[in-house]
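Below is one structure, written out as structure tokens, with a few remarks after it.
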Amino acid sequence: MTVLANGGTHLSGPVLVIGTGLLGASIGLGLRARGIDVVLSDISPSTAAVAKDIGAGRLLQDAGPGFAPQLVVVAAPPDVTASLAAQALADWPGAVVVDIASIKAAVLADLRATGTDLSRYVGTHPMAGREKSGPVAALGNLFTSMPWVICAAEESTPEAVKTAEALAIDLGAVVSRMDAEEHDGSVALISHLPQVMSSLVASRLQDTPSPALALAGNGLRDVTRIAASDPKLWVQILSGNAPRLVSILHGVREDLNRLINTLENPSADGARLDMAQLIAEGNTGQARIPGKHGTPPQSFVSFTVLVDDTPGQIARLLTEIGEIGVNLEDLRLEHASGRQVGRVEISVLPSKVHGLVSELTARGWKVVQ
């Protein structure tokens with residue numbers, strides 16, 4: 001590991017990545033962009049070959065007999081992570097071994113059950129991903145500015161933890177530290193529950209008539225976006241973190257039962273108040289989600305610009321907003337059903353709204369507030 005003048009660290013390599021799917025290949029691409037030697041291994045030769053072809057690293061069989069990695073990254077499905085990590089600790093006695101599985105307590109328990117010396121092991125979890133899978137979906141900047149949780153075991157040495165953190169830093173991630181139990185309880189709420197709820201909503205659409213789906217807007221798309229995730233991976237994640245997720249789902253069930261009981265007699269005394277309270281509770285929870293760059297939530301103002309559905313229109317809109325000198329806080333796109341026009345929802349600070357709307361209108365844009 002090299003120590004930088006600013007007190008940071010970065011890996012010197014080589015780094016062995018075991019598992020060359022979306023995350024493994026993205027790690028390879030990101031490290032290779034920093035000039036770090038990356039070696040790839042995968043149970044599927046074709047998957048490893050694709051990762052090599054996109055530039056994520058060289059193959060393990062080409063590394064030679066003297067190959068000795070500084071770091072081994074186990075980027076495999078949760079159900080095989082512990083066995084692969086234990087094997088890596090045995091195969092590479094000079095290397096730190098980390099895994100990036102999305103559940104930590106079960107992996108750590110399985111590793112301890114093997115009796116393996118865990119002084120060189122550190123559990124980690126990069127909070128990044130895509131709905132697409134496989135190395136062809138990999139991005140070298142996938143982890144940039146994303147949280148990367150370090151879940152050191154009691155047995156992990158300070159040197160091993162420092163190496164694990166260096167991996168996250170080299171990939172542009174923001175390091176967080178939790179123990180395995182705290183991590184699994186957190187992701188059950190902020191990651192696993194949204195996946196389950198998104199899938200449950202999307203499952204209601206299986207037999208929906210096409211004319212009804214044609215009315216869908218960004219609300220439905222937002223809620224169901226992650227429902228396109230890989231079922232095989234999520235079976236493992238949900239199984240591995242089931243106790244923590246079940247306790248949260250019990251609370252959701254209570255809220256659903258409360259809402260069902262209210263809606264069965266919506267004219268009853270107190271029914272409308274109960275509906276309002278449920279929505280307001282959601283407002284309160286949503287407002288606690290950190291805003292831009294992880295800062296406290298801010299109150300932005302949004303308005304919509306109508307654009308022709310032709311090449312270059314959105315690029316021209318963004319260019320002109322930049323020329324006006326206003327910084328966008330958020331942007332959302334929506335196509336109007338049955339019309340060759342798009343709707344661009346712009347969010348800016350309240351102090352910038354009037355001037356931006358006036359300037360865009362003067363430039364011929366159709367603004368809807």
Side-chain angles (χ1 to χ4, degrees), residues 16-19 21-24 27 41-43 69 71-129 147-168 173 175-196 229-251:
L16 171 62
V17 178
I18 300 175
L22 169 65
L23 296 184
I27 288 172
S41 175
D42 197 290
I43 192 172
L71 172 67
V72 178
V73 180
V74 177
D79 62 345
V80 296
T81 292
S83 61
L84 289 174
Q87 189 62 53
L89 288 165
D91 290 345
W92 312 105
V96 171
V97 175
V98 306
D99 79 86
I100 60 168
S102 54
I103 52 174
K104 307 284 21 131
V107 170
L108 181 57
D110 289 346
L111 266 172
R112 283 180 173 150
T114 67
T116 303
D117 176 10
L118 300 184
S119 60
R120 292 182 288 113
Y121 165 76
V122 182
T124 81
H125 180 203
M127 301 292 293
W148 194 305
V149 188
I150 305 296
C151 299
E154 294 177 4
E155 301 92 328
S156 304
T157 65
E159 293 77 13
V161 174
K162 193 173 184 181
T163 301
E165 291 178 344
L167 171 66
V175 174
S176 297
R177 300 169 185 84
M178 293 181 174
D179 64 36
E181 287 292 340
E182 182 185 8
H183 167 273
D184 285 3
S186 298
V187 296
L189 179 60
I190 59 94
S191 176
H192 305 168
L193 178 65
Q195 175 64 55
V196 169
S229 299
D230 181 4
K232 298 187 295 296
L233 174 62
W234 275 98
V235 166
Q236 297 181 38
I237 293 172
L238 297 179
S239 299
N241 207 25
R244 299 157 193 87
L245 182 58
V246 164
S247 64
I248 298 170
L249 289 174
H250 283 160

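Being a predicted model, the structure only gives us computed values, none of them experimental.
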Q) Distance from I27 atom CD1 to L22 atom CG, nearest 0.5 Å? A) 9.5 Å

Q. Closest approach of A168 and V175, non-hydrogen atoms and distance?
A. CB-CG2, 3.8 Å

Q.
Which residues pass the side chain to side chain donor-acceptor pair (under 3.5 Å) test with E182, not counting sequence neighbours?
A. none

Q.
As a quick check of understanding, evaluate side chain to side chain contact (heavy atoms under 4.5 Å, CB included) for M127 and V187, giving each step before the final call.
A. CA-CA 9 Å; M127 301 292 293; V187 296; 4.0 Å; yes

Q | Test item: S247 side-chain N/O and R244 main-chain N/O as donor-acceptor pair under 3.5 Å | A | yes

Q) Nearest 0.5 Å, what's the CG-CG distance between L189 and D184? A) 13.0 Å

Q: State, to 0.1 Å, how close A128 and L23 come at their nearest heavy-atom pair, and which atoms those are.
A: O-CD2, 3.7 Å

Q: Take L238 and L245, measure what side chain to side chain contact (heavy atoms under 4.5 Å, CB included) needs, and give me the verdict at the end.
A: CA-CA 8 Å; L238 297 179; L245 182 58; 3.5 Å; yes

Q. What's the shortest heavy-atom distance between M178 and S186, and which atoms?
A. CE-OG, 3.8 Å

Q) Does atom CD1 of I43 have more than 12 heavy-atom neighbours from other groups under 6.0 Å away? A) no

Q. For the residue pair A160 and S119, what are the closest heavy atoms and their distance?
A. CB-O, 3.6 Å

Q.
As a quick check of understanding, evaluate side chain to side chain contact (heavy atoms under 4.5 Å, CB included) for V161 and R177, giving each step before the final call.
A. CA-CA 10 Å; V161 174; R177 300 169 185 84; 5.7 Å; no

Q. Of all heavy-atom pairs between Q236 and P77, which one has the smallest distance, and what is that distance?
A. OE1-CB, 3.2 Å

Q: Would you mind reporting whether V96 and P69 have side-chain heavy atoms less than 4.5 Å apart?
A: no

Q. Which atoms form the tightest heavy-atom contact between T114 and A86, and what is the distance?
A. OG1-CB, 4.3 Å

For residues 97-112, dump all side-chain donor-acceptor pairs below 3.5 Å to protein atoms at least two apart in sequence or in another chain.
residue : atom : partner : partner atom : Å
D99     : OD1  : A101    : N            : 2.9
D99     : OD1  : K104    : NZ           : 2.5
D99     : OD2  : Y121    : OH           : 2.4
K104    : NZ   : A101    : O            : 2.8
K104    : NZ   : T124    : O            : 2.8
R112    : NE   : E155    : OE2          : 3.0
R112    : NH2  : E155    : OE1          : 3.1

Q) To the nearest 0.5 Å, how far apart are CD1 in I150 and NE2 in H183? A) 10.5 Å

Q) How far apart are the C-alpha atoms of T163 and V122, what are their side-chain angles, what is the distance that settles it, and do they pass the side chain to side chain contact (heavy atoms under 4.5 Å, CB included) test? A) CA-CA 9 Å; T163 301; V122 182; over 6 Å; no

